[in-house]
Protein chains: 2
Amino acid sequence: MADIAGLLSEVVGHAHVLVGDAIAADYTHDEALTAAPVVPACVVRPSSTAEVSEILRIARDQRVPVVARGSGTGLSGAAVPRADSLLVSFERMAQVLEIDTDNHVAVVQPGVTLQQLDEATAAAGLVYPVFPGESSASLGGNVATNAGGMRAVKYGVTRHQVLGVEAVLAGGEVIRTGGKFVKSSTGYDLTQLIVGSEGTLALVTEATLKLYPRPAHAATVLAPFDALDGVAGAVAPVVGSGIGPRILEYVDSLTMAAITGNVGLDLAVPAEVAARASAYLVVVLESDHDDRLEEDVARLGELLSALGAIDVYVLPPTAGTQLISAREKAFFVAKAAGADDIVDVVVPRAEIPRYLDRVGSLAQEHAALVTGCGHVGDGNVHLSVFQPDPERRHALLGALFEAGVDLGGAITGEHGVGTEKKQYFMALTDPATVDLLRRIKAAFDPDGILNPGKIFD
Amino acid sequence: MADIAGLLSEVVGHAHVLVGDAIAADYTHDEALTAAPVVPACVVRPSSTAEVSEILRIARDQRVPVVARGSGTGLSGAAVPRADSLLVSFERMAQVLEIDTDNHVAVVQPGVTLQQLDEATAAAGLVYPVFPGESSASLGGNVATNAGGMRAVKYGVTRHQVLGVEAVLAGGEVIRTGGKFVKSSTGYDLTQLIVGSEGTLALVTEATLKLYPRPAHAATVLAPFDALDGVAGAVAPVVGSGIGPRILEYVDSLTMAAITGNVGLDLAVPAEVAARASAYLVVVLESDHDDRLEEDVARLGELLSALGAIDVYVLPPTAGTQLISAREKAFFVAKAAGADDIVDVVVPRAEIPRYLDRVGSLAQEHAALVTGCGHVGDGNVHLSVFQPDPERRHALLGALFEAGVDLGGAITGEHGVGTEKKQYFMALTDPATVDLLRRIKAAFDPDGILNPGKIFD
């Protein structure tokens, strides 16, 4: 590896090749609860696409594995290096290259954080609508894992915003896909193939992202329900109403107490209602027009009452914002509470009542505590699993994933497979599909140097 | 081929294997203006996925090319068979399998037409929002070419509606991708790779499609402009206004006269305005709320006046519907007028003024008449090219495509590459990308039996 460090130093400069003790602990992990940290053989910090291309050429020649890293906020281990790998860290490629207000697109480097992009778009009255909850996350990482978040019910996930990429292939060739347009029937859609491929097909060095007008007004509506299936049953009617919520979340009462307690937020729900409530529906509506928003909030209130909500509260703006921000920190609350693992199964949204029912039974069967909240509007259920015994936990997770797949869903809606969900993915995916994924991987990366061992073996 | 016909008869029954004179002319062509009809060796009409699988197994064993066909309304030659090929026609797999009103999805077989699906969804108050202009087109063909149409400015194109497919691989293996959910980070996105691949990667035997609430109200606004660049310059401000039009089209005055004349539609534009107008902007707004629609129409009117429209007309509902339907027939009007070819370049929408300007110069340089209309809201320009000399036409087309690509666009926004745009695609795509496409093709279809010679060589 000494040789490689020397070769890489010629490309990026000595200061940007780290080995041994110079490698900070941050580079050794992401946020997956179950993945063990690994010190890579070498960290390299390129500053340009040309340097990334040179790095990959060297890695290919030496047959050294390459793992890409953005901010390391992933939840499935995809950015955790191997001991024999180069870790390519994009912290020096962190420029918002363009906010194009005529075409409503942003062009960014992979190290740009969501926070940075939100500030840049806000200044132009626009918004990049993917808010996965952690604003220090990088766009490169978001593209690699196809990150989602609470606004997917209205805007879709990362995949739906990526109009094109510049990417470096395993041999160092630089390709460009797509562009500043939403439609093209010009050859295979390489953009969408690269999005969500967790660094196993190519390294993205630039992304062209769709932006939207930033709506002027928003309102947060909170509706407690006696039972979880009341909340779950309200989802399809709310979406079907055409109100078009920006956010449509469920939060079970345990999780609600934990996330509001964490930030000291008092939602002013009367004690007798809070005592009865098993779960809450949280709906955020948005509009450019004050009067339309008010009208829609009133319609939503009537609808939720008719659907069996104990009561319906329109939160004061500050409390609304604080609740969403508290919800975004649910992962860290679960982590602090000692959750042993988290899952983010996606099912068809109308199957949510059935799925949550099944989760309840499985938790009992496996003697575990399972709490949750989730993007119910798009069928994405987030569960915290408390079961310290690895074997029992593994059995429970397998059963939770299988139940989701049985209902027509998939193992992960937005976290990705990485290393931590790989065994379940392999077990629940038909062999013809896994074979096809392997052949596609080989078409991009014949020597298997790009993030080997992630998603599938 | 006699042997194969026999083997296929065992799979689908004798009545559904056609050879020689039994092959109707319809099977030999699509709607591309420049592609010569070809009689395939054999037409086979499966009735199930299992039969498609058997057909592909036989074709693979015998190394016989396979071309898939829906309704044959394509515009780039992708469904034109080869003389040595099997043509798999999906006319017997034409069932709407499910309209799921809770999840807002439809599940269809490939032979289902847009007309059929529109009727089925209308009955449920829902809409499948892709209207490429020809309602006899099949969903299988729409998926294969990633069909677009006028509503893409609001809803996106076919790709954005396909949540999952069942597809048969070249070896006969049946895979399923995606499902009734909009988000998944579970392995590579095979769905999006198959959409738009023009039958070269797999045969789609079932598609799960996203549906939307069908808005109750719509209004059509017509704004004539003195000059083409006035129309083109209005696009970015209209989109930026947040009004969210369902349709945003430009139609030059020659094309407007032709398409309205074709259906005998009188838009009641005063003669002196019509005489001055070089081009028209056509905007359709929609809403569930009458009052909001009215308000938005008024705002749009003010905006268009400020942007230099000669006048702004809100069309009576019948005339509005007739105009959109007349616009949908623009291709057939161009064909009847003797257009020698059509192109559908896509550019970033803010580049439309520059692109149309360039088109004007190129038409002059190449002594051709080029008329047009287009989905300006999403940057997709449709041009009819009148230049009977093949060599001069080829030079002009090459220049039109190059100008689009130079402005950050792509060769085709929704028609596909097929055979008819292949040479231009090969000339304007970088070799590293073409190599990658070839390797992906080989990963799916190692023997090269699926629609060989389409998109690239």
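A:Glu295 CD: more than 12 foreign heavy atoms inside a 6.0 Å radius. Few gaps surround CD on A:Glu173; more than 12 heavy atoms of other groups in view lie less than 6.0 Å from it.
Heavy-atom pairs under 4.5 Å with chain A peak, among B:Val239, B:Val157, B:Ile440, B:Val195, at B:Ile440. Put simply, of B:His104, B:Lys421, B:Arg349, the one with the most heavy-atom pairs under 4.5 Å next to chain A is B:Arg349. With respect to chain A, the highest number of heavy-atom pairs below 4.5 Å among B:Gly244, B:Pro348, B:Ala236, B:Gly408 belongs to B:Pro348. The greatest number of non-hydrogen atom pairs below 4.5 Å with chain B, out of A:Ala152, A:Gly148, A:Gly409, A:Gly179, is found for A:Gly409. Per-residue counts of heavy-atom pairs under 4.5 Å with chain A were compared for B:Val417, B:Thr433, B:Thr412; the largest is that of B:Thr412. Here B:His289 is the residue among B:His415, B:Arg176, B:His289 with the most heavy-atom pairs under 4.5 Å with chain A. Looking only at heavy-atom pairs under 4.5 Å with chain B, the residue among A:Gly416, A:Gly171, A:Gly196, A:Gly156 that has the most is A:Gly416. Interface remark: of the candidates A:Gly125, A:Gly242, A:Gly413, A:Gly413 forms the most heavy-atom pairs closer than 4.5 Å to chain B. Each of A:Glu198, A:Gln192, A:His160, A:Arg292 has some count of heavy-atom pairs under 4.5 Å with chain B, and the biggest count is that of A:Arg292. Comparing A:Ile194, A:Thr429, A:Thr200, A:Val235 by how many heavy-atom pairs each has under 4.5 Å with chain B, the most go to A:Thr200. Looking only at heavy-atom pairs under 4.5 Å with chain A, the residue among B:Asn103, B:Asn146, B:Val105 that has the most is B:Asn103.
Interface residue A:Leu169: only side-chain heavy atoms are found under 4.5 Å from chain B. The contact between A:Leu436 and chain B is made entirely by side chain atoms (from C-beta outward), counting heavy-atom distances below 4.5 Å. Of the atoms belonging to A:Asp291, it is side-chain heavy atoms, and not backbone ones, that fall under 4.5 Å from chain B. With a threshold of 4.5 angstrom between heavy atoms, A:Lys454 does not approach chain B through any atom at all. For B:Thr145, the part sitting under 4.5 Å from any heavy atom of chain A is the backbone (N, CA, C, O) and nothing else. B:Arg159 touches chain A through its side chain: at least one heavy atom from C-beta onward sits under 4.5 Å away, while N, CA, C and O do not. Heavy atoms closer than 4.5 Å to chain B are found in the side chain of A:Phe456, but not in its backbone. The contact between B:Lys441 and chain A is made by backbone and side chain atoms together, counting heavy-atom distances below 4.5 Å. Heavy atoms of A:Ile455 lying under 4.5 Å from chain B belong exclusively to its side chain.
Residues of residues 181-190 of chain A lying within less than 4.5 angstrom of chain B, judged on heavy atoms, are A:Phe181, A:Val182, A:Lys183, A:Ser184, A:Ser185, A:Thr186, A:Gly187, A:Tyr188, A:Asp189, A:Leu190 in numerical order.
Atom CZ of A:Arg439 is separated from atom CZ of B:Arg439 by 15.5 Å, given to the nearest 0.5 angstrom. Atom CG of B:Asp288 and atom CG of A:Asp296 lie 10.0 Å apart (nearest 0.5 Å).
Across every non-hydrogen atom of B:Ala443 and A:Ala443, the tightest pair is CB-CB, 4.4 Å.
B:Glu351 and A:Lys180 are not joined by a salt bridge, as no carboxylate oxygen comes within less than 4.0 angstrom of a charged side-chain nitrogen.
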